[in-house]
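Reading through the structure tokens given below for one structure.
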Amino acid sequence: MADPTSTRAPTGATGVLVLASGEVVWGRGFGAEGHAVGEVCFNTAMTGYQEVMTDPSYAGQIINFTFPHIGNVGTNPEDVEALNPHALGAIVRQDVTDPSNFRSTQHFDSWMTANGRIGISGVDTRALTRLIRINGAPNAVIAHSANGKFDVPTLLAKAKAWAGLEGMDLAKDVTTLQTYGWDKGLWKLGEGFVVPTGVSTTLDTNGNKSPASLSPFVSSDVEIPQKPKPRVVAIDYGIKHNILRNLVDVGCDVTVVSATASFEDIIAHAPDGLFLSNGPGDPAATGVYAVPVIQQWLETKKPLFGICLGHQMLALAVGATTEKMHQGHRGANHPVKRLSDGAVEITSMNHGFAVDAETLPANAKATHTSLFDGSNCGFELVDQPAFSVQYHPEASPGPQDSHYLFEKFAGMMKTK
């Protein structure tokens with residue numbers, strides 16, 4: 001496109017990204033018209049853009065996708081991590097083409113429009129990624145106007161005025177407002193989301209149960225005895241649906257509660273284990289109300305498992321600190337070393353804050369470390385059954401490198 005620092009839209013430009021530092025990046029807008037302000041980060045995954053856009057951990061962020069062909073497989077109502085998208089916008093290299101996947105039900109452009117999300121194509125995403133790597137994740141405004149008219153000085157002022165993610169508690173904005181049970185299992189081709197019980201029941205794409213289909217070898221009037229499932233309460237700081245599906249897949253009875261649930265609220269469900277979810281924002285801000293609840297749970301000596309923000313919450317609860325990262329880790333190709341045996345797991349990550357490994361207490365043993373920058377990616381408590389990881393084992397980029405973590409958690413509850 002034209003000079004990236006120009007405030008006048010070049011011919012054909014209907015989208016713009018205005019960084020708080022003053023850089024202006026032009027492109028072709030798609031999706032919804034309007035503007036949104038947030039932090040620009042880059043994601044290196046080659047697949048899963050719909051999951052990325054709907055991941056609550058991306059609240060307050062604009063995604064710069066390094067893979068050029070975003071949108072080419074369309075969208076569908078199954079590949080989502082929350083009921084609504086949470087990322088503010090998408091920046092892509094190539095124009096969004098017509099979908100070429102048999103599961104597609106809607107063009108990505110139409111999906112973005114319907115969900116009020118702004119996109120820009122025609123951007124040199126590699127150059128923007130280099131800028132983020134050098135200068136850190138910037139605050140910015142993304143805007144789309146079909147007539148190509150933009151008030152760049154006003155957009156710049158909005159970008160400069162935005163406070164940024166540091167110190168911001170976003171878990172309250174994305175968490176559930178009510179407690180609910182979850183029984184959807186993992187997705188299977190031709191079956192949808194399977195509920196792994198004695199009677200095979202599936203759910204349609206809206207989460208509704210379809211008529212039960214009994215085994216041809218079992219009479220419909222015979223009750224199949226079931227072993228008691230370990231009860232898990234999952235605290236929703238911005239939880240991804242596939243985490244819940246994996247918990248169900250390893251045999252857990254799952255109840256989801258709000259990020260602000262009290263210890264008494266949690267204990268009322270008589271859980272065998274507590275799960276701390278992923279989520280957006282600054283962990284230190286969320287920890288103001290989350291940490292005291294986690295500390296009370298730790299006194300019970302019952303199993304606990306945390307992922308991403310949940311990992312950071314556990315760290316804060318045992319006295320460690322977190323810090324804002326320069327550019328963050330976001331993608332489906334992050335190598336993590338498992339310290340117990342030296343194995344390398346290929347992981348999916350999405351975090352802009354990290355646990356300061358130097359501040360972990362003596363009873364917290366590091367279990368995983370990033371091979372990109374050496375940052376802490378997991379620890380466990382040596383004096384009780386509690387552990388957490390910084391990455392997303394449910395995203396399966398390995399594809400099964402990290403599924404053992406869910407089995408480990410389930411095993412802790414069964415043997416406690």
> Closest approach of R28 and G122, non-hydrogen atoms and distance?
Replying inline: NH2-CA, 3.4 Å
> Do F275 and I239 come within less than 4.5 Å of each other through their side chains, counting heavy atoms only?
Replying inline: yes
>> Could you measure the distance from the CH2 atom of W297 to the CD atom of Q384? Nearest 0.5 Å is fine.
In response: 10.5 Å
> With distance as the sole criterion, is a donor-acceptor pair present between the side chains of D356 and T359 under 3.5 Å?
Replying inline: no
>> Side chains of N246 and H403, heavy atoms from C-beta outward: is any pair under 4.5 Å?
In response: yes
>> Please evaluate residues N101 and S104 with respect to the criterion side chain to side chain donor-acceptor pair (under 3.5 Å), reporting the C-alpha separation (whole Å), side-chain torsions for both, the decisive distance (0.1 Å), and the verdict.
In response: CA-CA 6 Å; N101 185 278; S104 176; over 6 Å; no
> Within a reach of under 6.0 Å around CZ of R338, are more than 12 heavy atoms found that belong to other residues, nucleotides or ligands?
Replying inline: yes
> Taking all non-hydrogen atoms of both residues, which atom of I120 and which atom of A143 are closest, and how far apart?
Replying inline: CD1-O, 4.2 Å
> With sequence neighbours left out, what residues match Y180 under ring-ring contact (aromatic ring centres under 6.0 Å, His included)?
Replying inline: none
>> Could you check whether any side-chain N or O of D236 sits under 3.5 Å from a backbone N or O of G238, counting only pairs where one atom can act as donor and the other as acceptor?
In response: yes
> Out of curiosity, W182 CH2 to T176 OG1, how far, rounded to the nearest 0.5 Å?
Replying inline: 11.0 Å
> Crowded around R103 CZ? As in, over 12 foreign heavy atoms under 6.0 Å?
Replying inline: yes
> For A87, does its backbone N or O pair with a side-chain atom of R117 as donor and acceptor, under 3.5 Å?
Replying inline: yes
> CD/Q327 to CG/D373 distance, rounded to the nearest 0.5 angstrom?
Replying inline: 8.0 Å
> What's the shortest heavy-atom distance between L298 and A386, and which atoms?
Replying inline: CD2-CB, 4.2 Å
>> Strictly by ring pair (Phe, Tyr, Trp, His ring centres under 6.0 Å), give each pair with a member in residues 330-349 just once, sequence neighbours left out.
In response: H329-H334, H334-F372
>> For a side-chain contact (heavy atoms from CB on, under 4.5 Å) check, start with the C-alpha distance between T300 and F263, then their side-chain angles and the critical distance, and finish with the verdict.
In response: CA-CA 11 Å; T300 70; F263 177 70; 3.9 Å; yes
> Does T367 reach the main-chain N or O of G378 with its side chain, forming a donor-acceptor pair under 3.5 Å?
Replying inline: yes
>> So T54 and N84, do their side chains get closer than 4.5 Å, heavy atoms only?
In response: no
> Which pair of non-hydrogen atoms, one from G148 and one from A9, has the smallest distance, and what is that distance?
Replying inline: O-CB, 3.6 Å
>> Could you check whether atom NZ of K365 has more than 12 heavy atoms from other residues, nucleotides or ligands sitting under 6.0 Å from it?
In response: no
> Of all residues at least two apart in sequence or in a different chain, which pass the side chain to side chain donor-acceptor pair (under 3.5 Å) check with S402?
Replying inline: E345
>> Going by salt bridge (charged side-chain N to carboxylate O under 4.0 Å, His left out), name the pairs with one or both residues in residues 138-148, residues two or more places apart or in two chains.
In response: none
> Side chains of Q50 and F108: closer than 4.5 Å at any heavy-atom pair?
Replying inline: no
Check: residues 63-74 side-chain donor-acceptor pairs under 3.5 Å, at least two apart:
unit_1, atom_1, unit_2, atom_2, d
N64, ND2, T125, O, 3.2
N64, ND2, T129, OG1, 3.0
T66, OG1, N43, O, 3.3

> For W162, what residues pass the side chain to side chain donor-acceptor pair (under 3.5 Å) criterion, not counting sequence neighbours?
Replying inline: none
>> Any non-hydrogen side-chain atom of W187 less than 4.5 Å from a side-chain atom of L189?
In response: yes
> Taking all atoms of both residues into account, what is the closest heavy-atom pair of V141 and K158, and its distance?
Replying inline: CG2-CB, 3.9 Å
> Who are the salt bridge (Lys or Arg N to Asp or Glu O under 4.0 Å) partners of D173, not counting sequence neighbours?
Replying inline: none
> Is the backbone N or O of G31 less than 3.5 Å from a side-chain atom of D109, with the two atoms forming a donor-acceptor pair by type?
Replying inline: yes
> Could you state the interatomic distance from CD (Q296) to CG (L274), rounded to the nearest 0.5 Å?
Replying inline: 11.5 Å
>> Evaluate T179 against T255 for side-chain contact (heavy atoms from CB on, under 4.5 Å), listing each step before the verdict.
In response: CA-CA 7 Å; T179 298; T255 299; 3.5 Å; yes
> Is the closest side-chain donor-acceptor distance between S21 and N135 under 3.5 Å?
Replying inline: no
Which pairs of donor and acceptor atoms, one on a side chain in residues 279-292, lie under 3.5 Å apart (sequence neighbours left out)?
unit_1, atom_1, unit_2, atom_2, d
D282, OD1, A284, N, 2.9
D282, OD2, G167, N, 2.6
T286, OG1, D169, OD1, 2.8
Y289, OH, D169, OD1, 3.2
Y289, OH, D169, OD2, 3.2

>> Show every salt bridge (charged side-chain N to carboxylate O under 4.0 Å, His left out) that has at least one partner inside residues 374-396, sequence neighbours left out.
In response: K240-E394, E380-K408
>> Quick test of your reading of the model: are K229 and D272 salt-bridged, counting only N-O distances below 4.0 Å?
In response: no
>> Distance check, rounded to the nearest 0.5 Å: F305 atom CZ versus M413 atom CE?
In response: 10.0 Å
> If every non-hydrogen atom of C252 is compared with every non-hydrogen atom of A410, which pair is closest and at what distance?
Replying inline: SG-CB, 4.5 Å
> With sequence neighbours excluded, what pairs up with S258 under the side chain to side chain donor-acceptor pair (under 3.5 Å) test?
Replying inline: T260
> So T347 and D401, side-chain contact (heavy atoms from CB on, under 4.5 Å) or not? Walk me through it.
Replying inline: CA-CA 8 Å; T347 73; D401 290 13; over 6 Å; no
> Near Q178 CD, under 6.0 Å, is it more than 12 heavy atoms from other residues, nucleotides or ligands?
Replying inline: no
>> Parallel, tilted or perpendicular: which one describes the rings of Y391 and H368, with boundaries at 30° and 60°?
In response: perpendicular
> Checking side-chain contact (heavy atoms from CB on, under 4.5 Å) for the pair I91/I142: CA distance, chi angles, key distance, verdict?
Replying inline: CA-CA 9 Å; I91 305 166; I142 186 172; 4.2 Å; yes
> Excluding sequence neighbours, so at least two apart, what forms ring-ring contact (aromatic ring centres under 6.0 Å, His included) with F379?
Replying inline: H311
> Can Q312 and Q390 be counted as having a side-chain donor-acceptor contact under 3.5 angstrom?
Replying inline: yes
>> Would the distance check show the side chain of E81 and the main-chain N or O of N242 forming a donor-acceptor pair, the cut-off being under 3.5 Å?
In response: yes
> Hey, what do you get for CD (Q106) to CG (N76), rounding to the nearest 0.5 Å?
Replying inline: 10.0 Å
> Applying salt bridge (charged side-chain N to carboxylate O under 4.0 Å, His left out), which residue pairs with at least one partner in residues 36-57 are found, sequence neighbours left out?
Replying inline: E39-K324, E39-R330
> Under 6.0 Å from the CE atom of M46, do we count more than 12 heavy atoms belonging to anything else shown?
Replying inline: no
> Would you say C377 and T369 make side-chain contact, with heavy atoms under 4.5 Å?
Replying inline: no
> So, do W26 and F150 have ring centers that fall under 6.0 Å from each other?
Replying inline: yes
> Can you say whether the rings of F387 and F409 are parallel (under 30°), tilted (30 to 60°) or perpendicular (over 60°)?
Replying inline: perpendicular
